[in-house]
2 protein chains.
Amino acid sequence: MSKICILLCLLIFTQIKASAQKIETETVTSLYREALTDRTAYDNLRQLCRNTSGRVTGSPQAARAVEFTFDLMKSMDLDSVYQQPVMVPRWERGKKEKAIIRSGKLGNTHLNIAALGLSVGTGKRGVSAQVVEVMNFNQLDSLGSEFIDGKIVFFNRPMDPVLFNTFASYGQAADQRMLGAASAAAYGAVGVIVRSLTTAQDDYPHTGVLRYAENSPKIPAVAVSTNSADLLSNRLKEDPGLVLQFRTSCQTFPDVVSANVIGEISGSVYPEEIITLGGHLDAWDLGEGAQDDGAGCIQAVEVLRLFKKLGIQPKRTVRAVMFMDEEIGQRGGKEYARQAEIRQEKHYFAIESDRGGLLPLEIGISTSPERFTKMAQLSPFFEPWGIYRIREGGGGSDITPLQKYGTPLASFIPDSQRYFDYHHSANDTFDKVNIRELQLGSAAMAALVYLIDQYDL
Amino acid sequence: MSKICILLCLLIFTQIKASAQKIETETVTSLYREALTDRTAYDNLRQLCRNTSGRVTGSPQAARAVEFTFDLMKSMDLDSVYQQPVMVPRWERGKKEKAIIRSGKLGNTHLNIAALGLSVGTGKRGVSAQVVEVMNFNQLDSLGSEFIDGKIVFFNRPMDPVLFNTFASYGQAADQRMLGAASAAAYGAVGVIVRSLTTAQDDYPHTGVLRYAENSPKIPAVAVSTNSADLLSNRLKEDPGLVLQFRTSCQTFPDVVSANVIGEISGSVYPEEIITLGGHLDAWDLGEGAQDDGAGCIQAVEVLRLFKKLGIQPKRTVRAVMFMDEEIGQRGGKEYARQAEIRQEKHYFAIESDRGGLLPLEIGISTSPERFTKMAQLSPFFEPWGIYRIREGGGGSDITPLQKYGTPLASFIPDSQRYFDYHHSANDTFDKVNIRELQLGSAAMAALVYLIDQYDL
């Protein structure tokens, strides 16, 4: 080939590349334009929040949420919409919990509490005992049975406010909620009260699941609001002999059948390759599950709507999945992966949105270094929309089970500063969702799915 | 000098530089740590909002805000705290405004309105006329006196939701509020009603200042909530002959004396060189002025507290300035620059925070290209705290008058997605401020001042 010919070929190739890039940039812009000028996702989220408030896994509200999202996607002219049955735990809070500090010296004071998910109830008479405050498990261990036996253990380590990433600080403090009851019971404690996992200073108790140990008794465990935790801690300094009484009537029932809800647009070239995108449909019973994780579900549905509306025909099958039971047993995510194996599905990519419908800031990706290097080159598409970092490390409870089949995983990572104001509390309501933040998130996920598919990444 | 000697010198220099860098990084971390674990700024903002709600320039509430911030800084053991007198406009809203659509065909309907700042009132009988809806000034001009004379002009162009930067979209739509009355009056209009400048779809009217023209009559002008604007627009489609009646009782009085409030820490090496940092103390009368711009003022005060608390002794004088009257006449900013000239003050740098106490995302700087290149090298200090862009172009109404003396100007640029939900409306209240976002902003500004001073930038 002559030099001129080579140069000509290079020139043509560069032009094709440049014009391809131009088409992709235009499509990304169109996705953002449509998302930012349409209220469908916001209205869908409002309906989900208002009509299925308190949709803890296995509840009638969760069943309504399955119906709602199923009907919603059925109305969207997708290629396939179905429910994937999953057996899920059934835990009920029962009556509103009560807690009171009794002190001869200081008088009586109420605390704001909520039972932790999967906790046993106290029975009608409640639990009543002196309180031992600890900041961590080392302190618990060094106190041992001598000081713990017969007491209520009060885990009071706050989330570290100095960490910029509040999920990191949540991760450092969540052991108290998750394992506090099991550890305290091993030393003979009769109950556990855990400082709410939140960066806010307020009156909302933030619930969440606990894990009992097989070899120690199941004792009742509750979350206490940060204001009440501080009050209890201060009272204990003044009267270490005070008695805390609390009553919960929560119960665990046999598993019930529920479902993952799935909608898809079939791929035009590689229909057998699946890009999965999702959030979890269940939510804690105290709130409306707006940020956690109604937003993630509705954004996944919105991605399909955006594709349909703009006439984008993906090469691969794009699937929106509303996973059931992320909060208690992660059964939906496990069942989804199990079914994928049974059906020999090829999962090309999976994206999870479970950090709220807040301002998109980053995309986290777990894949091979070579593939990551390619994906990081997508940055210029996202920077005009405020996403400056495509970083290594992504996933989420519901999609991680797919990793063993080699599926690359991505996390949609919005701003985390406000998230724990809402998380697992009665404060997680629709009015806390800003429409633009929700829209920008849907657009970012749609753009990511589109670019992965388009560039065969 | 031998080669070994040169190498040795280079090595020592590099080590000094590295260790200096280490000290600066540690100090920045300390600033963030202190800001993120202390509630003083948040509590100060609560007090400012609750005790001086409606502090429009020249009002008794604004006078209370001057006293409050003066007393606050007086209590902080600063080197100097003083008030700088400024003559400011005095405009009063008077009674709550009323607007009603009268239509024989469709019945009567109320609209949510608020007079624009500096608007004349309608008198007791109000303004009552048919309505001409326009989207822009070209349309107004092409309609001309023939269609405008005797009518109320309805400016209904929304802020463009597709722009990521909502300030850009505000900038594109604000001409309607600012110049709508002057332009419509020139064609004989009797009143003006302007769609609220907000990205939200709700019932809050968002006020803001207007400018009349010298050569056309001053006609009454009001803002209308976006929901009411859509309603009016829809009604007009069904009944173009409907009549809009609105009544306002706002008035402008003679100028009154007010003040900029200034607190400073004297420089230890170059006390005559001043780094000014500030926001504006006045706010629109409809809300508490929490995001606009109580946050900016309180963050400036917090920067001084952080310096004192950590024992940082700046080389240059650091000044927190609460500017008065940004919203109507920008008299505070002008007077501050005038006094700086009279006193031959050398303003080394000026930073304005007037975009809300929201998540810090960028720092914008207006200076020479060489100086900007140096400043952009500060990025690594800010990236761990979520600020990924130091970009060219900064300033703000209150500090721009300093530019003619060669002072480099910076804007503190937080996330803009939610800002216009609050801006100039009754929705701008303390509860809309997230403590962590406020704290991160104070820390970012403290770090910026510290680094500029430390590195002689």
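In what follows, chains carry the letters A, B, and so on, assigned in the order in which the sequence lines appear, proteins first and then strands, with residues in each chain numbered from 1.
For the set A:Leu359, A:Thr37, A:Asp421, the entry with the most heavy-atom pairs within less than 4.5 Å of chain B is A:Leu359.
If you measure heavy-atom distances from B:Thr166 to chain A, the contacts under 4.5 Å come from the side chain alone. Residue A:Tyr388 touches chain B through its side chain alone, counting heavy-atom pairs closer than 4.5 Å. Only the backbone of A:Leu163 comes within less than 4.5 Å of a heavy atom of chain B; no side-chain atom from C-beta onward does.
Cation-pi geometry between B:Arg355 and B:Phe167 is satisfied (NZ or CZ under 6.0 Å from the ring centre, within 45° of the ring normal).
Here the options are B:Thr40, B:Leu48, B:Asn44, the test is side chain to side chain contact (heavy atoms under 4.5 Å, CB included), and the partner is B:Leu72; only B:Asn44 passes.
Counted within 6.0 Å of NZ on B:Lys374, heavy atoms from surrounding residues, nucleotides or ligands total 12 or fewer; the atom is thus considered open.
Taken from CG in B:Leu438 to CZ in B:Arg39, the straight-line distance is 11.0 Å, to the nearest 0.5 Å.
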